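The first residue of the sequence shown is numbered 1, and numbering continues consecutively from there. The shown structure was predicted, so the numbers you read here are calculated from the model rather than taken from an experiment. Indexing begins at 1, ligand by ligand and atom by atom, following the structure's order.
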Amino acid sequence: MDRANIVIIGGGVVGCAVARAVSQQWSDVFLVEQMPKFGMGASTRNSGVIHSGIYYPPGSLKAQLCVAGNRMLHEFCAEHNVPHRNCGKLVVAHGAQQEAALEHLADNGRANGVEGLRLIDRATIHKKEPHIEATAALEVPSTGIISAEDLVKTLARIATDQGASLLPRARVARLDPRADSIAVTIAEGDSNDPSHATRETVEETIEARCVINCAGLYADEIAAMLGNRTYRVYPVRGEYCELVRAKSYLVNNLVYPLPHTDGLSLGVHLTRTLWGTVLVGPTADYISEKNDYERNRLPVEEFVRRARPMLPEIDAADLQLAYSGIRAKLAPPGHAGFTDFVITRDAAAPRAIHLIGIESPGLTSCLAIAERVVSLAAEILEG
Ligand SMILES: Cc1cc2nc3c(=O)[nH]c(=O)nc-3n(C[C@H](O)[C@H](O)[C@H](O)COP(=O)(O)OP(=O)(O)OC[C@H]3O[C@@H](n4cnc5c(N)ncnc54)[C@H](O)[C@@H]3O)c2cc1C
């Protein structure tokens, strides 16, 4: 049986950021990912936005880790040549009531430490985004855009260079707490990958002094393997459309409506990607299966309906369906509202650290989340 200081479960952006951070400090670090490549879950099925931190209640983990993560990510991208753009964004309002809501949003952002926020009028909006309709907007200069795929690859490469063992096609099947370790049983070979469908699955066990649960949508099921049934992750699908190439000139940067008041999402927004395409989305709908990316996709007309208040010139012929991603929500259907990231040691199995409900702004926050996990791991390994 292999022995490890740390086993990280899940090779999304959070697991890879954690692997990089802990392998700076400890040897014998393993990361296990069930899919054939790292970052195939939510980590590369998102808007790729480096959020500023304006939305979340002051003092919450989301507020703290997003604001810190934004700065850390901009520095990291510059240092490691991860493609990104510091483009800023506009949150737009239509009419007096929404303009008052923009002021509240600006106050909330300032309370969280977001710098450079300012309200701009129609004429200034028009100079920046000539095709956008709005009576006022909040300009958020610290928002950016990143290639999430390159970020995941870079984090994984650094962790590997620092001596961590990152294992794709390895699914955690069981966790058994022992006196001073947790036995992690891994099924190797990948049932999700057709090229490996016929390959026999081999089981292997690693005895870990610390286990870090970064399993995204499945983090509740990993906690349940330790007998912890406190958490339930509800999958909420976000679908995207894309403007056809000939219409991508309609949007220069990032344009958002005010967020949904129910806290479910930031609303269908317009995102000019690093590749010059323009995404319209994501939507937000609870679904029953955690891997259902495609069934009953919304028609393009629905995206037109939601985006038209901001972008009156578009119609259905200007849009084509694009990918979708699935959020790991802690709020059950019908009870939407703010829920925070959960980053905590397991009460009954204290050698385990759970990261649960790491929905947006998880991509932005990944480096700050990893820093927090390092201090919990130090309590376990050096306490
Ligand atoms: C539609 C959408 C838009 C978003 N937009 C943004 C945005 O613009 N900016 C932002 O900051 N955030 C955004 N987010 C949030 C962000 O994408 C997530 O917070 C982040 O990707 C979470 O990363 P993760 O590593 O926790 O999860 P994941 O990427 O889902 O990784 C978890 C991994 O665990 C693996 N795993 C699960 N179970 C097991 C097991 N038993 N054994 C081994 N491996 C296992 C999975 O295969 C998966 O690869 C968005 C999310 C969605 C869905």
So is there a nitrogen or oxygen of [X] less than 3.5 Å from a nitrogen or oxygen in ligand 1?
| X | value |
| --- | --- |
| Ile222 | no |
| Gly238 | no |
| Arg327 | no |
| Val49 | yes |

### Message
To check you understand the geometry: which heavy-atom pair defines the closest contact between Leu321 and Leu298, and what is its length?
### Response
CD2-O, 3.5 Å

In the protein, which heavy atom is nearest to [atom], and how far is it?
| atom | result |
| --- | --- |
| atom 50 (C) of ligand 1 | Asn46 CB, 3.4 Å |
| atom 10 (C) of ligand 1 | Leu363 CB, 3.4 Å |
| atom 34 (O) of ligand 1 | Gly10 CA, 3.2 Å |
| atom 42 (N) of ligand 1 | Val172 N, 2.9 Å |
| atom 30 (O) of ligand 1 | Ala42 N, 3.2 Å |
| atom 44 (N) of ligand 1 | Gln34 N, 3.2 Å |
| atom 48 (C) of ligand 1 | Glu33 OE1, 3.4 Å |
| atom 13 (C) of ligand 1 | Ser360 OG, 3.6 Å |

Just let me know how [X] lines up against ligand 1, side chain, backbone, both or neither, with a heavy-atom cut-off below 4.0 Å.
| X | value |
| --- | --- |
| Ala170 | backbone |
| Thr44 | neither |
| Cys214 | backbone |

Provide the number and element of each atom of ligand 1 under 4.0 Å from a heavy atom of [X].
| X | answer |
| --- | --- |
| Gly325 | 53 (C) |
| Arg171 | 41 (N), 42 (N), 43 (C) |
| Ile358 | 18 (C), 19 (O), 22 (C) |
| Arg45 | 1 (C), 2 (C), 52 (C), 53 (C) |
| Val14 | 23 (O), 24 (P), 25 (O), 26 (O) |
| His51 | 7 (C), 8 (O), 9 (N), 10 (C), 11 (O) |
| Val32 | 43 (C), 44 (N) |
| Glu359 | 15 (C), 19 (O) |

Out of [options], whose heavy atom is nearest to [atom]?
| atom | options | value |
| --- | --- | --- |
| atom 23 (O) of ligand 1 | Ser324, Gly39, Gly12, Ser43 | Ser43 |
| atom 37 (C) of ligand 1 | Pro361, Gly69, Ser365, Ala215 | Ala215 |
| atom 3 (C) of ligand 1 | Phe341, Tyr240, Tyr323 | Tyr240 |

### Query
Any ring pair (Phe, Tyr, Trp, His ring centres under 6.0 Å) pairs touching residues 120-169, not counting sequence neighbours?
His131-Tyr249

### Task
Report yes or no: does a heavy atom of Leu217 sit under 4.0 Å from some atom of ligand 1?
no

### Task
Could you establish whether Ile186 and ligand 1 come within less than 4.0 Å of each other, counting only heavy atoms on the residue side?
no

### Task
Answer yes or no: is there a donor N or O on one side and an acceptor on the other, between the side chain of Lys247 and the main chain of Asp318, under 3.5 Å?
no

### Message
Quick check against the 3.5 Å criterion: does Lys62 have a side-chain atom that pairs as donor or acceptor with the backbone of Thr339?
### Response
yes

### Query
Of Arg122, His94, Glu99, which is the lone residue that meets side chain to side chain donor-acceptor pair (under 3.5 Å) with Thr135?
Glu99

So, [X] versus [Y]: side-chain donor-acceptor pair below 3.5 Å or not?
| X | Y | result |
| --- | --- | --- |
| Glu207 | Ser181 | yes |
| Glu115 | Ser142 | no |
| His104 | Asn108 | no |
| Asn5 | Arg209 | yes |

### Mutual orientation of the aromatic rings belonging to Tyr55 and Tyr256 [parallel < 30°, tilted 30-60°, perpendicular > 60°]
tilted

### Query
What orientation do Tyr56 and Phe338 show, parallel under 30°, tilted 30 to 60°, or perpendicular over 60°?
tilted

### Task
Evaluate the side-chain proximity of Ile326 to Leu217: yes if any heavy-atom separation is below 4.5 Å, no if none is.
yes

### Message
Using side-chain heavy atoms (C-beta onward) and a distance below 4.5 Å, is Leu355 in contact with Phe341?
### Response
no

### Query
Should Lys153 and Glu149 count as an ion pair when the cut-off is N to O under 4.0 Å?
yes

### Query
So, are Arg306 and Glu302 salt-bridged, with charged N and O less than 4.0 Å apart?
yes

### Query
Does NZ or CZ of Lys290 come closer than 6.0 Å to the centre of the six-membered ring of Tyr218, within 45° of the ring's axis?
yes

